[in-house]
Trainee: 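Here's a structure for you.
Throughout, protein chains are lettered first and strands after them, A, B, ... in sequence-line order, and every chain is numbered starting at 1.
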Amino acid sequence: MWKKIRKYIIPLSICLILISTAVAGCAEEEPAPAPAPAPSPAPEPEPEPAPAPEPEPEPEPAGPTKNSIVIGASRPLSGPNAPIGDAAFGPIMQMWQERVNAEGGIYVEEYGKKLPVEYIIYDDATDVGTMVRLTEKLILEDEVDILFSACGTAFISAQAPVANKYGMVLLTAEGGATIMRDALYGLPYVFISLPFSDHYQLPVFAEMAAAKGAKTAYIITIADLHGVEYGGVAAIEFPKYGIEVIANKSVPITYTDFSLLVKDAKAADPDLFCVFAYPPIIMPVTGEMMAIGFNPPAVLMGPGANFGFYGISFGGDPMTINGVTCFAAANEKTSPEFAQLYADLEALVGWPNLDWWGHPYYAPLVQIWQEAIEVTGTLDQDVLRDYIASNQFDTILGNTYFEMFGEFGGGLMVKDTHPGEIGQWQDGTVEIVGGGDWPGVVLTSDWVYPKPDWPTP
Amino acid sequence: MPESIVTIMDVAIGGLLLGGIYALIAMGLSLQYGVARVLNISHGEFIMLGAFSTFTLYTVVGINPLICLAIVGPIAFIIGFLLQRTLFTQLRTSAPNPGAFEASSLLATFGLMYVIQGIALQIWGADYRAYTYLNFGVDLGGAIFSANKLVILGFAIGIGVAFYIFLARTHMGKGIRSAAQDPTTASLMGVNINRVLALCFGFGAAMAGLAGVLYSMRIPLNPAMGLQYTLIAIIIIVLGGLGSIPGAFIGGLILGIIGEIVTYIDPSLSLAAYYFIFMLLLLVRPKGIFGK
């Protein structure tokens, strides 16, 4: 029997694997115009909104021919970042492509017709080196028209110089850091969208906590760029508001048993317990807090606590985590447009994949791309870069634009576009409870401090 | 109870919990490498499969995770058994020498790792999954532990000891031990070597699956979670002595306890401590604690 199994099953299995791999890896590629060498100086942001695109019903066919806009992305389809990529920018990409193509595509004047959007998406397996190689392949071999963002702060930090080197505009999605902002002076093709630590999450949180009387903070960070960033900024921002950081401990991502750390934090009896780490850490930490009854007045966790899947990870009922504070910008109550966005996303990927921090910033990215292409009528990267750098866009966030860094620098989405910075789980969903003091901030609830007790098991 | 005693209990029980899980994982890999000579890089994927299966059985079907041990263990055993009888037997019989077999089987397990991960991605998606089971505190003389932690500890140690007794006291266990020492002589003495190797691979996969069932009560799951446990298991089997089942068991417990002590001192050094021990052992006692 074994001989027969060996004879038939092994070759059959190998064939099946090869076929499935080949089918999954196949993607049509279209040539695109070569990237132009250098950008023109970045003008200051202008207050006037960009002119609305004027569709031309019967364009004259002229110049080069093209059948689609090819967009390339190196994304974590597997590996540790896959859950984030799957729930964050991924659904926005998918939803936008379906909507645009249902309308016949994006009108590009230089080709005289509407072009559907086609993706080439490679799996970087959550490896920075692989992502960099795939980004270069997308630009040089696949000659994609548009480059979409990789996933994760460390990843976009590595991708930004590559995109910049080849003159490809990069509107980053999942990630952001102070060191990236500082590097923007030399990255004219790079535009950062997602709010991060001191822009303006932790200053807002520190002010909120101080107003409630918080005096001490116990911090756990993941031992990577994200953890260093948030732990460092918290150590600067919290004391400004009279909050003493009594512990700032770093843990490797592979660590799995947090009993001692949580017990140490409980013994320290802090007012604020902050865990600046990813879901593989914040989820077991939350479980351990529930188990040993550690319930400080405020618990701030993220990234990860801003996703629906975090809410249903403790017995399936998001009510169990009421009171947990996270980073969040908007929810379905923020505006009718956001209500529609979250309804569409829920229909597409389900409630567990909703993201109340990232989705409000990733949705405008594709709106910006679409408007830039339609108004400029080209896929030329320099033209697109200059348009994005010098105009304001009417997106789901309202008036949206980038603050440019120096005459030849890149851009950072201005804080005035942020509808909120801090969220809190209340009644089984994330409410927006903290934001800056600028116009346009929409809080959907008050911050509950101290947080309610964990439910009794 | 004095605070220092509570702290020592915290560290000891935390270390034994980690060590118990590590021991199960490492005993499985030790069987596969020590006897079947397959350094199974996909070993961690069986942990992942065990964990995801438990998640589904508990959250969808409502089966108690402890009962899942009786479901997942045998299924993992069958998968491992069939893999050995098909893929690895084919590689072994077609290899010109044992060295070539070890190299080709290593590459095959790399492929197997990606295949299993891909299957898991198709079934469960890339999202994080987690559930809670016995997640409440138990007061042991002033030290509070989550109940699931104590249950995992008890089952991990129990399964490990039971398996050791099986190897030491049963006829089949003697066959496995003899094949581990000298497969050629064992086969001349009447041991069905193909069957023993398949049993070893099956038991190895079952141990990993059981570890996955137990640990799924405490950690979030995703399809890429397996590799880190394979790496830890490799460290442990070197620490305990290649091919030594007691070595893997003791090595797992040692590594778990050392990891917890280092975490108590400085959590950022926990992973570094594992590799430091690994390098130190290679320098001082390359054959491992129980190696011969």
Trainee: Please give me the minimum heavy-atom distance between B:Asn135 and A:Gly287, naming the atom from each residue.
Mentor: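 Smallest heavy-atom distance, with atoms named: ND2-O, 3.0 Å.
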Trainee: Test the A:Lys263-B:Tyr264 pair against the cation-pi criterion, namely NZ or CZ under 6.0 angstrom from the six-membered ring centroid and within 45° of the ring axis.
Mentor: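 Verdict for B:Tyr264: no cation-pi partner in A:Lys263.
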Trainee: To the nearest 0.5 Å, tell me how far A:Lys266 NZ sits from B:Ile144 CD1.
Mentor: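 The CD1 atom of B:Ile144 is 4.5 Å from NZ of A:Lys266, to the nearest 0.5 Å.
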Trainee: Out of A:Pro279, A:Gly304, A:Ala125, return the one with the most heavy atom pairs under 4.5 angstrom to chain B.
Mentor: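 Most heavy-atom pairs within the cutoff with chain B belong to A:Pro279.
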Trainee: Flag the pair B:Ser268 / A:Val251 as yes when at least one side-chain heavy-atom distance between them is below 4.5 Å, and no otherwise.
Mentor: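 Counting from C-beta outward, B:Ser268 and A:Val251 never come under 4.5 Å.
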Trainee: Taking C-beta and beyond as the side chain, do A:Ser250 and B:Pro267 meet within less than 4.5 Å on heavy atoms?
Mentor: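 In short, these two side chains do not touch, never coming nearer than 4.5 Å.
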Trainee: Roughly how far apart are B:Leu221 CG and A:Met283 CE, rounded to 0.5 Å?
Mentor: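 Reported value, rounded in 0.5 Å steps: 8.0 Å.
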Trainee: Using non-hydrogen atoms only, which part of A:Ile220 is less than 4.5 Å away from chain B: side chain, backbone, both, or neither?
Mentor: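 For A:Ile220, there is no contact with chain B at all, as no heavy atom is under 4.5 Å.
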Trainee: Checking heavy atoms, do the side chain of B:Asp10, its backbone, both or neither come under 4.5 Å from chain A?
Mentor: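 Interface part for B:Asp10: both.
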Trainee: When heavy-atom pairs shorter than 4.5 Å are enumerated against chain B, which of A:Ala223, A:Ser259, A:Pro352, A:Gly293 gives the highest number?
Mentor: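 The residue among A:Ala223, A:Ser259, A:Pro352, A:Gly293 with the greatest pair count is A:Ser259.
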Trainee: Please classify the contact of B:Tyr58 with chain A as side chain, backbone, both or neither, using a heavy-atom distance under 4.5 Å.
Mentor: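 Neither part.
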Trainee: Just checking B:Tyr114: does its OH atom have more than 12 heavy atoms from other residues, nucleotides or ligands closer to it than 6.0 angstrom?
Mentor: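 Counting neighbours around OH of B:Tyr114, 12 or fewer heavy atoms of other residues, nucleotides or ligands fall under 6.0 Å, so no.
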Trainee: To the nearest 0.5 Å, tell me how far A:Ile312 CD1 sits from B:Arg129 CZ.
Mentor: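 Atom-to-atom, A:Ile312:CD1 and B:Arg129:CZ are 7.5 Å apart.
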Trainee: What distance separates A:Asp257 CG from B:Ile13 CD1, expressed to the nearest 0.5 Å?
Mentor: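 Rounded to the nearest 0.5 Å, the CG-CD1 separation comes to 11.5 Å.
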Trainee: Measuring from atom CG of A:Asp86 to atom CG of B:Asp127, what distance do you get when rounded to the nearest 0.5 angstrom?
Mentor: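 A:Asp86 atom CG to B:Asp127 atom CG measures 5.0 Å (nearest 0.5 Å).
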Trainee: Are side-chain heavy atoms of A:Pro280 and B:Tyr128 found at a separation under 4.5 Å?
Mentor: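 The answer is yes; the side chains approach within 4.5 Å.
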Trainee: Mind checking the OH-OG spacing from B:Tyr131 to A:Ser313? Nearest 0.5 Å is all I need.
Mentor: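 So the gap between those two atoms works out to 12.5 Å.
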Trainee: Can you say whether B:Leu227 sits under 4.5 Å from chain A via the side chain, the backbone, both, or neither, judging by heavy atoms?
Mentor: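 Neither part.
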Trainee: If you compare all heavy atoms of A:Gly79 against all heavy atoms of B:Asn222, which two are closest, and at what distance to 0.1 Å?
Mentor: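 Distance-wise, the nearest heavy atoms are O-OD1, 4.2 Å.
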Trainee: Can you tell me which portion of A:Phe309 sits under 4.5 Å from chain B's heavy atoms? Options are side chain, backbone, both or neither.
Mentor: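 The side chain, not the backbone.
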Trainee: For A:Asn81, is it the side chain, the backbone, both, or neither that has a heavy atom closer than 4.5 Å to a heavy atom of chain B?
Mentor: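 When you check distances to chain B, no heavy atom of A:Asn81 falls under 4.5 Å.
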Trainee: Do you know which two heavy atoms are closest between A:Gly315 and B:Thr132, and how far apart they sit?
Mentor: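 Heavy-atom minimum between the residues: N-OG1, 3.2 Å.
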Trainee: Determine whether B:Arg218 and A:Pro284 make a side-chain contact, defined as any pair of heavy atoms from C-beta on separated by less than 4.5 Å.
Mentor: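 A side-chain contact is absent here, since even the closest heavy-atom pair is not under 4.5 Å.
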Trainee: Is B:Val138 in contact with chain A via its backbone, its side chain, both, or neither, using a 4.5 Å heavy-atom distance?
Mentor: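 Neither part.
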Trainee: Do you know which of B:Ala126, B:Gly118, B:Gly111, B:Ala224 has the most heavy-atom pairs with chain A at a distance under 4.5 angstrom?
Mentor: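 Of B:Ala126, B:Gly118, B:Gly111, B:Ala224, B:Ala126 has the most heavy-atom pairs under 4.5 Å with chain A.
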Trainee: Given heavy-atom pairs under 4.5 angstrom as the criterion, report whether the side chain, backbone, both or neither of A:Ile292 touches chain B.
Mentor: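 Both the backbone and the side chain of A:Ile292 come within 4.5 Å of chain B.
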